[in-house]
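Reviewing the structure listed below.
Whatever order the structure lists them in is the order used to number ligands and atoms, beginning at 1. Here the structure is a predicted model, which is why all the values come from computation and not from measurement. For this chain, numbers begin at 1 and follow the sequence in order.
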Amino acid sequence: MSGGEQEQRNYYLGVDVGTGSVRAALVDQCGVLLAFADQPIMKWEPQFNHHEQSSEDIWAACCIVTKKVVRGIDLNRIRGLGFDATCSLVVLDKQFRPLPVNHEGDPHRNIIMWLDHRAVSQVQRINETKHRVLQYVGGVMSVEMQAPKLLWLKENLRETCWDKAGHFFDLPDFLSWKATGVTARSLCSLVCKWTYSAEKGWDDSFWKMIGLEDFVADNYSKIGNQVLPPGASLGNGLTQEAAKDLGLPAGIAVAASLIDAHAGGLGVIGADVKGHGLACEGQPVTSRLAIICGTSSCHMGISKDPIFVPGVWGPYFSAMVPGFWLNEGGQSVTGRLIDHMVQGHAAFPELQAKATASCQSVYAYLNSHLDLIKKAQSVGFLTVDLHVWPDFHGNRSPLADLTLKGMVTGLKLSQDLDDLAILYLATVQAIAFGTRFIIEAMEAAGHSITTLFLCGGLSKNPLFVQMHADITGMPVVLSQEVESVLVGAAILGACASGDFTSVQLQTFKTASPCQDVKQLTNGVAMAQVLHQIDVAWFNESWLSRIKEDVGDNWRIKVCRIMRELDPNSGPKFSTKLSKNLFKKLIYRYILLCIV
Ligand SMILES: Nc1ncnc2c1ncn2[C@@H]1O[C@H](COP(=O)(O)OP(=O)(O)O)[C@@H](O)[C@H]1O
Ligand SMILES: O=C(CO)[C@H](O)[C@H](O)COP(=O)(O)O
């Protein structure tokens with residue numbers, strides 16, 4: 001493109017605050033990403049299940065990446081700025097200064113992160129109320145939402161934090177306030193994490209019932225009494241002070257923000273799939289499921305009418321795509337779990353050395369190592385004797401049980417690189433089975449999903465993507481623009497600028513052409529078998545179906561599984577867990593028998 005043509009371009013900025021880093025992108029009016037930068041952010045884990053961050057550190061990182069992506073361009077052509085972030089809780093005092101959320105009194109650490117599980121007793125009491133707002137979070141409130149964390153602060157840090165607090169923000173709202181000085185909250189954050197209803201507003205009786213009547217008394221001024229749809233323009237745009245911090249001209253339009261998963265959903269769910277022969281091409285957008293997979297995975301499905309899915313968050317009205325209800329399934333640790341399993345293995349130093357020597361990431365190295373050891377087999381079958389249950393940080397969906405833990409069965413004494421590679425594969429498969437489990441719950445409640453759209457850091461891992469296609473039996477679409485979460489954030493800025501009338505899917509007409517579709521490989525056989533077993537399971541005649549499918553050996557195989565799960569000879573499992581692990585193990589053994 002010539003310099004002259006470039007002058008005509010309008011630019012939009014997207015800033016995405018993930019769990020581990022802040023990213024920024026400069027995007028043009030066609031949704032093409034022109035520049036990208038990222039910057040790690042600090043995290044503290046002062047005790048088990050307490051996870052904290054610093055809003056000042058995060059803002060500083062936002063400034064670094066924004067300055068980088070606008071380097072060398074005509075700043076006057078930047079029309080709008082949008083933020084998305086994790087749904088962490090930011091606490092500020094009445095003068096907007098950071099307040100400590102920890103016993104140490106360190107005010108620098110003023111964010112309780114989304115994955116923090118300190119408020120277990122508080123969330124149990126909230127769930128015991130069976131208040132009507134709980135219907136809109138899948139029937140059970142998650143410890144990762146804001147109400148239990150607020151109650152924890154009141155009960156544990158009354159003098160040092162609660163009494164001094166002037167403002168509690170969801171992180172995406174903190175960022176838009178920091179940029180504009182406007183304390184209005186995004187409908188997305190309040191509906192999804194704070195029990196606000198798009199139709200009815202706050203429910204006073206809920207806050208009174210859980211012991212946080214303070215918010216009602218001051219008309220919700222500390223948690224938000226002005227609510228705007230994502231993409232709405234805030235105040236007079238970027239303030240002088242924020243403009244100086246970010247290296248931008250003052251007055252640029254700034255949008256009401258989105259939670260990161262929702263920005264990713266907006267970035268991919270409308271992808272143009274023409275020419276790939278996908279069923280969803282001729283189907284409504286409600287047949288698509290966006291999965292945003294980074295530290296965690298979030299499964300975003302939309303519908304015209306509200307659908308209540310037990311254990312799956314929502315239904316939330318207009319929280320992602322205006323006019324549609326959203327259900328959000330999730331797995332609290334996915335990327336983090338894979339990193340944990342790989343980095344904690346005895347062969348990790350060897351892996352690192354070999355990956356470095358071959359100029360590859362550890363994951364690229366592991367993927368090619370699996371290709372080597374699988375020989376003529378399909379890679380999926382390397383794990384017939386090794387199984388991972390992935391709920392190392394509880395189960396977000398669809399069991400909605402924070403007490404669940406992870407486990408591995410089938411370990412041997414050897415700990416070489418092959419073992420590490422197979423453990424890594426079993427972990428990826430376990431996560432994909434978790435996705436399948438969530439899709440089953442959504443479909444049982446009324447969703448009709450045919451195609452998956454993946455984005456986030458894990459979507460850059462071909463094995464992760466392929467296992468999702470194989471295990472769910474659905475094609476997986478990857479957008480041409482891999483940084484789809486940032487495209488979603490930039491869509492917000494484009495909407496706030498007034499250049500586009502809404503954040504509806506057509507905002508950037510060419511924003512997300514489909515780049516690649518992972519169809520099933522040998523997983524066709526696998527998926528079909530799994531489907532049969534599933535049908536059998538839900539018909540409660542699973543044993544006879546297994547017998548039919550597997551033939552004479554079925555009793556030996558099933559007995560082997562039963563022995564593994566015998567509560568007298570192994571660890572004790574909760575009923576739910578053993579049922580699901582059992583089902584999963586049966587899948588694997590049946591596969592072994594049939595193939
Ligand atoms: N190219 C890649 N191959 C495999 N895994 C990747 C790749 N890039 C990122 N990841 C994984 O994705 C996760 C981080 O995803 P990201 O979207 O950056 O997370 P977050 O938004 O939570 O900060 C990490 O677990 C990381 O190991
Ligand atoms: O709860 C969520 C969205 O509703 C996300 O899991 C949370 O915000 C963390 O996201 P990420 O894994 O991308 O860092």
Side-chain angles (χ1 to χ4, degrees), residues 15-23 36 38-43 51 53 58 61 65 84-89 111-117 137-138 141-146 149 170-172 186 188-194 257-267 290-300 312-314 316 319-320 326-343 355 360-368 393-394 396-397 424 427-428 431 454-467 478 482-486 488-489:
V15 177
D16 165 38
V17 179
T19 299
S21 65
V22 174
R23 283 81 58 158
F36 169 87
D38 63 352
Q39 175 75 16
I41 46 180
M42 293 200 273
K43 287 178 280 178
H51 297 266
Q53 282 183 319
I58 288 175
V65 288
D84 73 74
T86 62
C87 48
S88 299
L89 177 68
I111 297 182
I112 302 185
M113 290 179 72
W114 62 272
L115 78 167
D116 186 294
H117 280 196
V137 290
M141 180 167 285
S142 163
V143 68
E144 294 172 10
M145 292 183 172
Q146 308 298 17
K149 288 172 176 157
D170 221 66
L171 183 53
S186 161
C188 172
S189 300
L190 290 200
V191 166
C192 299
K193 308 292 172 178
W194 298 70
S257 52
L258 277 170
I259 298 170
D260 55 355
H262 302 61
L266 200 61
I291 310 184
I292 296 81
C293 13
T295 304
S296 62
S297 289
C298 302
H299 306 70
M300 323 296 281
V312 171
W313 295 344
Y316 300 134
M320 188 174 86
L326 169 72
N327 284 107
E328 179 182 350
Q331 295 163 288
S332 283
V333 285
T334 49
R336 168 109 189 232
L337 177 62
I338 298 170
D339 295 342
H340 175 82
M341 296 299 253
V342 169
Q343 289 165 16
Q360 284 177 297
S361 74
V362 289
Y363 294 113
Y365 189 89
L366 280 175
N367 292 351
S368 40
H393 199 50
R396 195 191 277 182
S397 310
Y424 155 70
T427 307
V428 171
I431 292 167
L454 257 58
C455 66
L458 286 173
S459 68
K460 296 174 191 164
N461 181 344
L463 181 84
F464 185 89
V465 178
Q466 190 62 61
M467 286 301 124
L478 299 176
V482 289
E483 300 298 340
S484 305
V485 183
L486 281 165

For this session: Please work out which of E483, R336, K460 has its closest non-hydrogen atom nearest to atom 1 (N) of ligand 1.
Result: K460
For this session: Give the numbers and elements of all ligand 1 atoms closer than 4.0 Å to a heavy atom of G335.
Result: 25 (O)
Exercise. Looking at atom 6 (O) of ligand 2, what's its closest protein heavy atom, distance included?
Worked result: S296 OG, 2.7 Å
Exercise. What part of R396 sits under 4.0 Å from ligand 2 if we count only heavy atoms: the side chain, the backbone, both or neither?
Worked result: side chain
Exercise. For E328, is at least one N or O under 3.5 Å away from an N or O on ligand 2?
Worked result: yes
Problem set entry | C298 contact mode with ligand 2 (heavy-atom cut-off under 4.0 Å) | side chain
Seminar exercise, completed: closest protein heavy atom to atom 14 (O) of ligand 2 is T19 OG1, 2.4 Å
Problem set entry | Contacting atoms of ligand 1, where contact means under 4.0 angstrom from a heavy atom of G20 | 23 (O)
Problem set entry | atom 9 (C) of ligand 2: nearest protein contact (heavy atom, Å) | W114 CE2, 3.2 Å
Problem set entry | D339 neighbourhood, listing ligand 1 atoms whose heavy-atom distance to it stays under 4.0 Å | 24 (C), 25 (O), 27 (O)
For this session: Using non-hydrogen atoms of the residue, decide whether I338 is closer than 4.0 angstrom to ligand 1.
Result: no
Exercise. Is it the side chain, the backbone, both or neither of E144 that has a heavy atom closer than 4.0 Å to ligand 2?
Worked result: neither
Problem set entry | ligand 1 versus H340: contacting region, heavy-atom distance under 4.0 Å | neither
Exercise. Any idea which protein heavy atom is nearest atom 10 (O) of ligand 2, and the distance to it?
Worked result: D260 OD2, 3.0 Å
Exercise. Between W313 and ligand 2, does any nitrogen or oxygen pair lie at a separation below 3.5 Å?
Worked result: no
